[in-house]
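Taking it in order: structure first as structure tokens, then the write-up.
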Amino acid sequence: MARAGKRHKRLNRSAGGTVLLIILTALFGVFMIVPIVYSISMSLKPLNELWTFPPKFFVENPTFKNYADLGRLMATSTVPFSRYVFNTVFISVVGTIGNVLISSMCAYGICKLKIKGSQTMFNMVVLALMFSGTVTAIPGFLVIRMLGWIDSLWAIIVPAFAAPLGLYLMKQFMEQMVPDVLLEAARIDGASEYRIFFRIVMVIVRPAWLTLMIFSFQGLWSLNSSIYIYSDELKTFNYALSQIMASGVSLQGAAAAASVVTLLVPVIVFIISQSNVVETMATSGMKE
Amino acid sequence: MQQAMTKQSRRNWKKTLVDYSFVTPFMILFTLFTVLPVVVAILLSFTYFNMMEMPHVVWLENYINLFLNDSLFIKALQNTLIIAAITGPLGYVFSFVTAWVLNELPRGVRTVGTLVFYAPTLSGNMVAIWLMLFSGDANGYLNSFLMRLGMISNPIQFLRNPQYMLPVLVIIVLWSSLGAGFLSFVAGIQGVDRSLYEAASVDGITNRWQELWYITLPSMRPQQMFGAVMSITSSLGVGAVITQVFGFPSYDYTLHTIATHLDDFGGTRFEMGYACAIATILFGLMVGLNMIIKKWLARIGE
């Protein structure tokens, strides 16, 4: 669908307009990229360049010393840094898999099995897109406490399973992209609903779950601190990095290196699945 | 006959069970972590509750105090509305224009451009960099840049001077505002039926601006609706980034918002009943504004 217009000649395009738009994009693009370029540049500066006055934007003698410093800081922290990395990876991976699986199953139930009352629930999910987690933070804490998940990674992972955006995107995509006839045919052949779901539906909606994967992963990966976690050995990678950043001006270079490192993983994940994202988001529209 | 009936009904029963097994996990978790907390927040907003003792009912006292005795809340309400009124529409238009312009450009540029514009959202946590850029001493990059150009002679306290704090916040919020809404726009524009453009060309549309106005915009109303919901919700909830960049409280409470007020009472003072009243008001604002804008967007097309 997204590729339909690939070979079509664009109509009514003036050269002047194109130039104007390119200039406009470049201007805004610079605005978007400056902080990121600045942090990359900072992370490559040797010590004397970090403290030259006036500060220079670009690095003159790039060095990886800050990354080495960061590595040393990691190696000497009281809680082994591999523990922070493990926590973040564990939260991101388990949270993402659960979110994709549970939302996809529910989306299938709503739009293909047409379970009684499920449309009402979908309306509630749409309503939930309209307010942020800030609103429910306090009772959310009480629920987690009731479940006995304070100071446990499950306090972060399990609520992420039922994030409303996930169900919303999966349901919109399934509704528009999975033909009912196909499912009927499979049922007549005697396939069970689970078989249909995993072998047919999930294959067709691959772009959608890859997209959801990005959203989910990105959110969990960048998680810094959480009100549910007290123990040092349960903190995340990002939290540890922000501690380094906060530990004072002497570590500015290492701090910049840390923010580059954190940015890297989600960017790579996004690049890999960009075309899927576009295909999925085409169905994300909301009817009034 | 009897036996056939039971077999039939057993099969139905089994089908129902399988069907419900698809939706139940999500339903339970969604109820537990979203529906229940909203209900509890509203109920607790009518109580005094400090997490130690059982809550006791005070009826409307929290709300009365908020509106009559808490001048900081009134300030927070005003700030929230001002910040939302600026960053909401600006972010929305910025997302749309960016998505549209990217689509006008050649394919390769578009792919790179999408990444460049979306990277800030992916970055999640760039607070350290903003602090370095806007730092109030002469070592802050922006200050030293302006001083070198001779535009200022003394460093500006970007993060502590009320005159500059709001613009700085707007820049930071806009920078990271191209989220799911933006991606929805990118996809929506690419998904517009090409034959519509060809037909329009025959009907006398002569340039891309007319195409945008008469075809692209009306064709992607569902994406516009989704984008609107995303930006309203996030623009009313601006809070964490303020605390991270400007500290809490921000200088002279210049950037005190409902979200930071809520954090203060819920996270620091443990006046949970009062905090829940603040949360309930924020909930009402978000859902109410979303409903109004949805109705309004729906009417425009008629």
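A, B, ... follow the sequence lines: proteins, then strands. Residue 1 opens every chain.
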Under 4.5 Å from any heavy atom of chain B - which part of A/Phe161: both
Side chain from CB out, backbone as N, CA, C, O: work out which of these in A/Phe31 comes under 4.5 Å of a heavy atom of chain B, or both, or neither. both
Please identify, among A/Gly98, A/Ser118, A/Pro139, the residue contributing the most non-hydrogen atom pairs under 4.5 Å to chain B. A/Pro139
Are [X] and [Y], when compared by the centres of their aromatic rings, separated by less than 6.0 Å?
X        : Y        : value
B/Phe22  : A/Tyr194 : yes
A/Tyr168 : B/Phe226 : yes
A/Phe28  : B/Phe117 : no

Could you tell me which portion of [X] (side chain, backbone, both or neither) has an atom closer than 4.5 angstrom to a non-hydrogen atom of chain A?
X        : answer
B/Thr98  : neither
B/Leu178 : side chain
B/Ile189 : neither

Report the residues that fulfil ring pair (Phe, Tyr, Trp, His ring centres under 6.0 Å) with B/Phe49, sequence neighbours left out, ordered by chain and then residue number.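 Here no residue qualifies.
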Give a yes or no on whether the backbone of A/Leu129 and the side-chain of B/Thr233 come within a donor-acceptor separation of less than 3.5 Å.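 Yes, the answer is positive, given that a donor and an acceptor are paired below the 3.5 Å cut-off.
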Given 3.5 Å as the limit, does a donor-acceptor pair link the side chain of B/Asn290 with the main chain of A/Met130, or not?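 Yes: the side chain of B/Asn290 pairs with the backbone of A/Met130.
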Using side-chain heavy atoms (C-beta onward) and a distance below 4.5 Å, is B/Tyr141 in contact with A/Val34?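 The answer is no; the side chains never approach within 4.5 Å.
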Show every side chain to side chain donor-acceptor pair (under 3.5 Å) that has at least one partner inside residues 130-142 of chain A, sequence neighbours left out. A/Ser132-A/Thr134
